[in-house]
Amino acid sequence: MTALVAPDLRWFPSWAATVTDFGDEVMHGSGAWNLDHPLGPTEACCKELVDVLVERSVADPAAGRVASTYYWITAGDGDPDDEVIGFLNLRHELNAWLLEEGGHIGYSIRPERRRQGHATRALALGVRRAGELGIERVLVTCDTDNLPSARTIEAGGGVFEDVRNGKRRYWIAAPA
């Protein structure tokens, strides 16, 4: 099973393991870019990130940010004992940059837990949440050379539109 949960310090041990597993890879959907320093697998850093993600969930047009919801992806049904295995960021609207490259949803699964169906299930959950927000069509993008992500998006109902600035762009109909 796969679940989306609100970031919370109670998942620190598995969050730290996930951050460590990513190494130098970009953790799409994690919100790590909101910190003014590199993300480290410490409890203090986890707490700081959780606090920042709540604060940065509201729109700030002057800073180029739209309202968004950050989730941690867990293997399980969202119980406190579940393992954090990835991240998902659901943007509630699109600004010019998101329309071209970023999309509504950014997500990533830690390397150790890939190829187990978690990305496909997490994307479906994210699309469902987007529909609950009234978003009818969800834009999801990936790098042109990221074929596993392209397959995940296509498995989730993504309809390819085009390539812009090195990003494959897909639209997924969200349930009402």
Side-chain angles (χ1 to χ4, degrees), residues 1-8 15 18-19 22 25-34 39 49-50 52-54 56-61 63-75 78 84-111 113-176:
M1 237 174 138
T2 307
L4 300 180
V5 299
D8 192 292
W15 173 88
T18 294
V19 169
F22 269 103
E25 269 189 56
V26 175
M27 294 182 287
H28 296 285
S30 70
W33 54 88
N34 288 302
L39 190 62
L49 182 63
V50 168
V52 166
L53 295 183
V54 171
R56 297 282 171 97
S57 65
V58 297
D60 183 356
R65 285 196 308 268
V66 300
S68 64
T69 305
Y70 290 93
Y71 297 100
W72 289 350
I73 302 168
T74 64
V84 173
I85 59 167
F87 309 102
L88 186 139
N89 178 219
L90 170 59
R91 296 140 193 141
H92 301 187
E93 60 185 317
L94 299 175
N95 60 22
W97 183 83
L98 292 172
L99 181 60
E100 289 296 310
E101 295 183 43
H104 283 101
I105 295 176
Y107 62 94
S108 59
I109 301 294
R110 68 185 282 187
R113 297 304 301 265
R114 291 180 185 157
R115 301 185 57 81
Q116 298 174 6
H118 293 293
T120 301
R121 290 189 294 272
L123 179 58
L125 292 168
V127 169
R128 185 177 314 142
R129 301 270 171 97
E132 292 167 1
L133 292 172
I135 300 170
E136 295 177 7
R137 290 185 339 136
V138 176
L139 177 63
V140 185
T141 69
C142 66
D143 292 336
T144 55
D145 63 351
N146 189 342
L147 298 180
S149 189
R151 285 192 294 271
T152 295
I153 296 166
E154 291 166 0
V159 176
F160 177 74
E161 182 177 52
D162 61 14
V163 173
R164 299 183 191 175
N165 302 315
K167 302 287 184 182
R168 296 175 61 86
R169 299 172 69 253
Y170 294 87
W171 290 94
I172 304 173

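The first residue in the sequence is number 1, and the count goes up from there. Hydrogens, waters and symmetry mates are skipped; everything else that's a heavy atom, side chains included, is used.
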From [X] atom [atom1] to [Y] atom [atom2], the distance as rounded to the nearest 0.5 Å:
X	Y	atom1	atom2	value
T69	L90	OG1	CG	5.5 Å
H104	E93	NE2	CD	8.5 Å
D162	W171	CG	CH2	10.0 Å
Y107	T120	OH	OG1	7.0 Å
H28	I105	NE2	CD1	14.0 Å
M27	W33	CE	CH2	9.0 Å

Would you check if V50 and W15 make a side-chain contact, meaning some heavy-atom pair closer than 4.5 Å?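 No - every pair of side-chain heavy atoms lies 4.5 Å or more apart.
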
For a 4.5 angstrom cut-off between non-hydrogen side-chain atoms, does S108 reach F22?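 Yes. Closest side-chain heavy atoms under 4.5 Å.
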
Pairs touching residues 148-169 that satisfy ring pair (Phe, Tyr, Trp, His ring centres under 6.0 Å), sequence neighbours left out: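 Qualifying pairs, neighbours excluded: F160-Y170.
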
Taking salt bridge (Lys or Arg N to Asp or Glu O under 4.0 Å) as the definition, give me every residue that meets it alongside R114, ordered by chain and number, with sequence neighbours left out. E25

List in chain and number order the residues that pass salt bridge (Lys or Arg N to Asp or Glu O under 4.0 Å) with E132, two or more places apart in sequence or in another chain; answer none if no residue qualifies. none

Results of side-chain hydrogen bond (donor to acceptor under 3.5 Å, both in side chains) for [X] - residues two or more places apart only:
X	answer
R128	none
S68	N89
R129	Y71
R113	E83, Q116, H118

Any idea which heavy atoms bring [X] and [Y] closest together, and the distance?
X	Y	value
I73	F87	CD1-O, 3.3 Å
L53	P7	CD1-CG, 3.8 Å
I153	L123	CA-CD2, 3.9 Å

For residues 134-146, which side-chain donor-acceptor pairs fall under 3.5 Å, sequence neighbours excluded?
residue, atom, partner, partner atom, Å
T141, OG1, E101, O, 2.6
D143, OD1, K167, NZ, 2.5
N146, OD1, S149, N, 3.1

I would like to know whether L94 and V66 meet side chain to side chain contact (heavy atoms under 4.5 Å, CB included); could you show each step before the answer? CA-CA 7 Å; L94 299 175; V66 300; over 6 Å; no

For A67, what residues pass the side-chain contact (heavy atoms from CB on, under 4.5 Å) criterion, not counting sequence neighbours?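 So A67 forms a side-chain contact (heavy atoms from CB on, under 4.5 Å) with A59, H92.
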
Among residues at least two apart in sequence or on other chains, which ones pass side-chain contact (heavy atoms from CB on, under 4.5 Å) with E100?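 Partners of E100 by the side-chain contact (heavy atoms from CB on, under 4.5 Å) criterion, ordered by chain and then number, come out as R164, N165.
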
Checking R91 side chain against G103 main chain: does a donor-acceptor pair fall under 3.5 Å?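 Pair found, side chain donor or acceptor close to backbone of G103.
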
